[in-house]
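Step one of this worksheet: look at the structure below.
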Amino acid sequence: MTLSNTQRTIDAIWRIESAKLIAGLTRMVRDVGLAEDLAQDALVIALERWPEIGIPDNPGAWLMTTAKRRAIDYMRRTKLRDQKYVEIAHGMDLNTEEEMDRNLDGEIGDDLLRLIFMTCHPVLSQDARVALTLRLLCGLTTDEIARSFLAAESTIAQRIVRAKRTLSTEKVPFEIPVGVELNERLNAVLEVIYLMFNEGYSATSGDQWIRPLLCQEALRLGRILAEIAPHESEVHGLVALLEIQSSRLKTRVSLSGEPVLLMDQNRAQWDRLLIRRGLAALERSQKLGRTLGPYSLQAAISACHAQAATPAETNWIRIAALYEALSRVTPSPIVELNRAVAISMAFGPDFGLQIIDELRVEPSLKGYHLLPSVRGDLLMKLGRFDEARSEFERAVSMTHNASEQALLMKRAAECKSEASK
């Protein structure tokens with residue numbers, strides 16, 4: 001394996017393992033900032049050693065063991081030693097790696113959920129919670145987060161540093177709260193899991209369009225949360241959405257790794273078990289008798305796709321109506337963009353294009369690549385190929401995902417070919 005290949009492999013392993021690593025270390029040191037530093041130390045050691053010794057058979061365990069040793073060294077060197085030893089030393093020999101693993105590992109899923117509740121504490125602002133989530137749980141770089149916020153990298157870096165410092169200063173506990181405190185944080189936790197899944201479903205950057213392991217982790221956390229809060233309709237709504245969306249993961253990319261759009265996917269390969277689980281979760285949400293919230297409405301939209309045997313059988317009128325309801329519950333330009341797509345499918349591209357053109361002046365969508373991408377698609381359907389090509393090319397310049405760039409360039413080339421006929 002060449003040095004560059006090793007580097008890429010380490011980067012991929014880090015994206016997969018970093019959240020579990022930080023969660024496990026936070027349980028040990030009770031400080032999310034310190035936990036991230038220790039995890040980064042382990043990564044630096046891996047970058048130094050793995051090119052020489054090769055990638056370990058279980059790289060995640062190697063990183064965890066290395067980070068734990070760094071944590072123990074740190075605790076021995078600081079005034080935290082006595083306090084931490086009291087907390088974790090019962091029945092545990094810190095000098096015995098086997099004992100250390102047994103006492104610290106536990107259920108990773110529970111640790112990740114504790115980390116989410118910790119980072120969703122109300123002492124942090126909404127923007128800080130989102131930025132910290134994308135950093136710790138999704139493994140995004142500060143630069144990638146800055147692009148998603150349409151903000152300066154320095155601004156995001158400061159926001160993350162302040163958030164970690166606040167959690168430490170306020171001594172926010174590493175636990176899953178109960179009662180009123182759980183309910184107070186529930187919406188923020190749902191949003192975090194939703195963001196985590198979306199980053200896996202459509203990666204912000206990199207060579208791959210999807211990150212399935214991130215989707216699976218988000219779904220697993222959603223299921224755990226549904227057991228903790230079984231009477232909350234939006235918890236079941238989010239689980240329903242993630243189950244149904246997950247059913248399509250295998251068909252979102254071709255065998256060669258190229259993105260496959262929804263209307264081109266082989267529906268016979270959609271995971272019927274996940275669809276049934278999603279529909280059952282949606283039914284549980286509806287039976288609780290409350291007005292459907294944003295996650296339940298999105299799940300209902302996904303259910304329309306899942307229940308259509310072919311693209312032609314999709315009930316686009318119902319989908320457009322559900323997006324209308326969603327826009328009333330959580331009004332946003334992105335919801336309007338999706339509603340425009342549904343309107344175009346139900347009533348024709350001209351009607352969708354009218355909505356899209358109104359959104360072109362929306363400041364928050366200025367750098368959002370799906371706006372020109374959708375507009376290009378509608379223009380292409382209307383036979384306005386030169387305009388469509390320009391929109392696809394503009395979208396290419398806005399996205400940082402290599403697979404998505406390739407798809408958009410392919411569509412731009414198709415428009416150029418059609419225009420020349």
Side-chain angles (χ1 to χ4, degrees), residues 190 193-194 197-198 200-202 210 215 218-219 222-223 226 233-253 259-353 355-356 359 370 373-374 377-378 381:
L190 290 174
I193 295 174
Y194 178 70
F197 183 89
N198 281 348
Y201 198 73
S202 183
I210 62 173
C215 291
L219 176 54
R223 289 170 178 168
S233 61
E234 274 296 83
V235 174
H236 296 296
L238 178 63
V239 172
L241 175 62
L242 303 192
E243 297 274 14
I244 296 172
Q245 293 290 86
S246 294
S247 73
R248 304 201 291 261
L249 276 173
K250 292 180 181 178
T251 62
R252 276 177 61 75
V253 292
V260 181
L261 300 177
L262 175 64
M263 304 302 282
D264 299 324
Q265 290 171 15
N266 183 350
R267 298 186 177 214
Q269 293 182 0
W270 287 358
D271 191 319
R272 307 314 299 182
L273 175 60
L274 288 175
I275 289 173
R276 287 196 297 272
R277 291 180 65 118
L279 295 176
L282 180 57
E283 185 178 358
R284 284 193 291 274
S285 173
Q286 294 168 338
K287 280 185 175 178
L288 287 169
R290 298 169 193 168
T291 302
L292 294 184
Y295 301 117
S296 297
L297 286 168
Q298 289 179 77
I301 291 167
S302 287
C304 289
H305 293 296
Q307 293 169 317
T310 65
E313 296 175 54
T314 306
N315 189 343
W316 285 106
I317 293 177
R318 173 167 169 72
I319 291 175
L322 287 167
Y323 272 119
E324 177 67 30
L326 183 61
S327 69
R328 291 196 295 270
V329 174
T330 53
S332 82
I334 293 178
V335 172
E336 278 299 289
L337 180 61
N338 284 299
R339 188 173 74 87
V341 174
I343 290 288
S344 73
M345 297 299 294
F347 305 108
D350 274 321
F351 292 94
L353 192 59
I355 300 173
I356 295 294
L359 290 173
L370 289 181
S373 175
V374 170
D377 182 68
L378 297 181
K381 289 176 179 177

Check step by step if side-chain contact (heavy atoms from CB on, under 4.5 Å) holds for Arg267 and Thr310. CA-CA 7 Å; Arg267 298 186 177 214; Thr310 65; 5.6 Å; no
Quick check: closest heavy atoms across [X] and [Y], and the distance to 0.1 Å?
| X | Y | answer |
| --- | --- | --- |
| Gly352 | Ile343 | N-CG2, 4.1 Å |
| Leu242 | Ala218 | CD1-O, 3.9 Å |
| Leu282 | Ser296 | CD1-O, 3.7 Å |
| Ile275 | Ser247 | CG1-OG, 3.4 Å |
| Ala300 | Arg318 | CB-NH2, 4.4 Å |
| Ala226 | Val235 | CA-CG1, 3.5 Å |

If I take atom [atom1] from residue [X] and atom [atom2] from residue [Y], how far apart are they, to the nearest 0.5 angstrom?
| X | Y | atom1 | atom2 | answer |
| --- | --- | --- | --- | --- |
| Lys250 | Asn266 | NZ | CG | 12.5 Å |
| Arg272 | Arg276 | CZ | CZ | 8.0 Å |
| Phe197 | Cys215 | CZ | SG | 4.0 Å |
| Ile301 | Tyr323 | CD1 | OH | 4.5 Å |
| Leu274 | Ile244 | CG | CD1 | 10.0 Å |
| Lys381 | Asp350 | NZ | CG | 12.0 Å |

Verify whether one side chain among [X] and [Y] offers a donor that lies under 3.5 Å from an acceptor in the other.
| X | Y | value |
| --- | --- | --- |
| Ser285 | Glu234 | no |
| Thr251 | Gln269 | no |
| Gln298 | Tyr194 | yes |
| Glu243 | Ser246 | no |

Got a donor-acceptor contact below 3.5 angstrom from the [X] side chain to the [Y] backbone?
| X | Y | answer |
| --- | --- | --- |
| Arg248 | Leu262 | no |
| Asn338 | Ile334 | yes |
| Arg252 | Tyr201 | yes |
| Gln265 | Val260 | yes |
| Ser344 | Val341 | yes |

Heavy-atom distance under 4.5 Å between the side chains of His236 and Ser233, does that happen here?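 Heavy-atom side-chain distance check fails, nothing below 4.5 Å.
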Find out whether Ser202 and Ile210 are in side-chain contact, i.e. whether some heavy atom of one side chain is under 4.5 Å from a heavy atom of the other.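 No, every pair of side-chain atoms sits at 4.5 Å or beyond.
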Any idea how Phe347 and Phe351 line up, ring-wise: parallel (<30°), tilted (30 to 60°), or perpendicular (>60°)?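 Rings of Phe347 and Phe351: perpendicular, over 60°.
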Leu238, Asn198, Leu219 screened by side chain to side chain contact (heavy atoms under 4.5 Å, CB included) with Ile193, the one that passes: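 Filter result, single survivor: Leu238.
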Would Asn315 and Ile317 count as a side-chain contact (heavy atoms from CB on, under 4.5 Å) here? Give the steps. CA-CA 6 Å; Asn315 189 343; Ile317 293 177; 3.9 Å; yes
Taking it one step at a time, do Glu313 and Gln307 satisfy side-chain contact (heavy atoms from CB on, under 4.5 Å)? CA-CA 9 Å; Glu313 296 175 54; Gln307 293 169 317; over 6 Å; no
Between His305 and Trp316, ring centroids under 6.0 Å: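 For His305 and Trp316, the ring centres are under 6.0 Å apart.
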